Amino acid sequence: AVRPTLEPVEVRALLQDVVVATKATTGEREVSVEALEGLWLRADYGLILQSLTNLVENAAKYSTPAGAIQLRARAEGGRVVLEVADEGPGISGADLPHIFERFYRGAEGKRVRGNGLGLAIARAMVELCGGRVMVESTSVGSTFRLSLPPAGPLR
């Protein structure tokens, strides 16, 4: 059983670390970070870093080959919201309800390597930190949204 060590994590630095951790997968793609300085969340740094890394690597695998990936963060509703957005074909409506299930590989999953565990693991790691993961998808891209507790009062 994984026991998270919950600690204050500076969001902008975390997102920049994700860019570095995923450079081999994202290659020459534009990966941008939009986050205010001084935004902090409370989580296990390693778990959240790995969760975001999984999401960015999925975005690189499943989206348009030269498409940009955006990492964004903001305070919303008393929580810290992190987003990973891509410019891909989106996730089919039939696949969307199942993408966080272990070993699930939708129609698009057949064209790339993987075992169908990445999103299930990402969600489990976020939930261990007291967070939630949601997804919105259209024909022009997908946005994965993590909602996590703040490290203190939000400005």
Side-chain angles (χ1 to χ4, degrees), residues 2-88 90-91 95-96 99-102 104-106 108-109 112-138 141-152 154:
V2 175
R3 293 197 133 152
T5 301
L6 302 180
E7 60 190 353
V9 176
E10 203 275 317
V11 172
R12 187 168 178 77
L14 169 67
L15 296 181
Q16 290 169 335
D17 289 348
V18 171
V19 172
V20 171
T22 58
K23 187 64 179 160
T25 305
T26 58
E28 298 301 315
R29 287 174 187 261
E30 176 189 349
V31 181
S32 62
V33 172
E34 297 175 32
L36 295 174
E37 294 286 341
L39 182 59
W40 292 73
L41 57 82
R42 182 169 178 75
D44 183 297
Y45 174 84
L47 292 177
I48 294 303
L49 177 68
Q50 186 60 56
S51 179
L52 289 166
T53 297
N54 286 5
L55 294 174
V56 170
E57 288 177 346
N58 268 12
K61 281 194 250 181
Y62 292 101
S63 67
T64 304
I69 298 170
Q70 298 89 38
L71 302 176
R72 300 183 291 249
R74 67 181 179 282
E76 181 180 285
R79 306 277 285 178
V80 175
V81 176
L82 309 177
E83 293 180 338
V84 175
D86 67 46
E87 298 175 344
I91 302 165
D95 290 333
L96 209 52
I99 62 169
F100 292 107
E101 295 172 9
R102 290 185 311 159
Y104 184 80
R105 294 182 44 102
E108 284 294 307
V112 297
R113 290 180 44 195
N115 55 19
L117 287 173
L119 292 177
I121 291 169
R123 182 178 68 178
M125 289 186 283
V126 170
E127 289 175 350
L128 281 170
C129 295
R132 292 184 51 221
V133 180
M134 297 138 286
V135 62
E136 291 179 8
S137 191
T138 68
S142 299
T143 301
F144 285 83
R145 190 167 292 116
L146 285 62
S147 171
L148 292 151
L154 293 170

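Note that the coordinates shown come from a computational prediction; the quantities given were computed from them, not determined experimentally. FYI, the numbering just counts along the sequence from 1. We use all heavy atoms of the structure for the numbers below, so side chains are in, but hydrogens, waters and symmetry mates are not.
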Step by step, would you call L14 with I48 a side chain to side chain contact (heavy atoms under 4.5 Å, CB included)? CA-CA 9 Å; L14 169 67; I48 294 303; 3.5 Å; yes
Decide yes or no on side chain to side chain contact (heavy atoms under 4.5 Å, CB included) for V18 and L49, but give the supporting numbers first. CA-CA 6 Å; V18 171; L49 177 68; 3.6 Å; yes
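Within the 4.5 Å cutoff, no side-chain heavy atoms of I69 are placed close to those of T22. Under the 4.5 Å side-chain criterion, counting only non-hydrogen atoms from C-beta, L52 is in contact with L15. The side-chain heavy atoms of L41 and L82, taken from C-beta on, include a pair separated by under 4.5 Å. With contacts defined as side-chain heavy-atom distances shorter than 4.5 Å, the pair I121/M125 qualifies. Residues S142 and E136 fail the side-chain proximity criterion, which asks for heavy atoms closer than 4.5 Å. Using a 4.5 Å heavy-atom cutoff, the side chains of P150 and R42 are not in contact.
The two atoms that bring W40 and E10 nearest to each other are CE3-N, 3.3 Å, heavy atoms only. Nearest approach of A21 to T53, heavy atoms of both residues: CB-OG1, 4.0 Å. Heavy atoms only, all atoms of each residue included: T5 and D44 are closest at N-OD2, 2.7 Å. Closest approach of E87 to G67, counting heavy atoms only: OE1-CA, 3.5 Å. Shown here for T143 and A85, the closest heavy-atom pair between the two residues is OG1-CB, 3.5 Å. The minimum heavy-atom distance between G90 and S137, with the atom names listed, is CA-OG, 3.2 Å.
Within the 3.5 Å criterion, the main-chain N or O of L47 finds no donor-acceptor partner in the side chain of S51.
Of the options L36, L39, L71, V33, a side-chain contact (heavy atoms from CB on, under 4.5 Å) to R12 is made by V33 and by none of the others.
The side chain to side chain donor-acceptor pair (under 3.5 Å) analysis of residues 27-36, with sequence neighbours excluded, yields the pairs R29-S63.
Here the CE-CD distance, from M134 to E83, works out to 9.0 Å after rounding to the nearest 0.5 Å. Rounding to the nearest 0.5 Å gives a distance of 9.5 Å between CG of N58 and CG of D86. Taken to the nearest 0.5 Å, the CD1 atom of I91 stands 7.5 Å off from the CG atom of L119.
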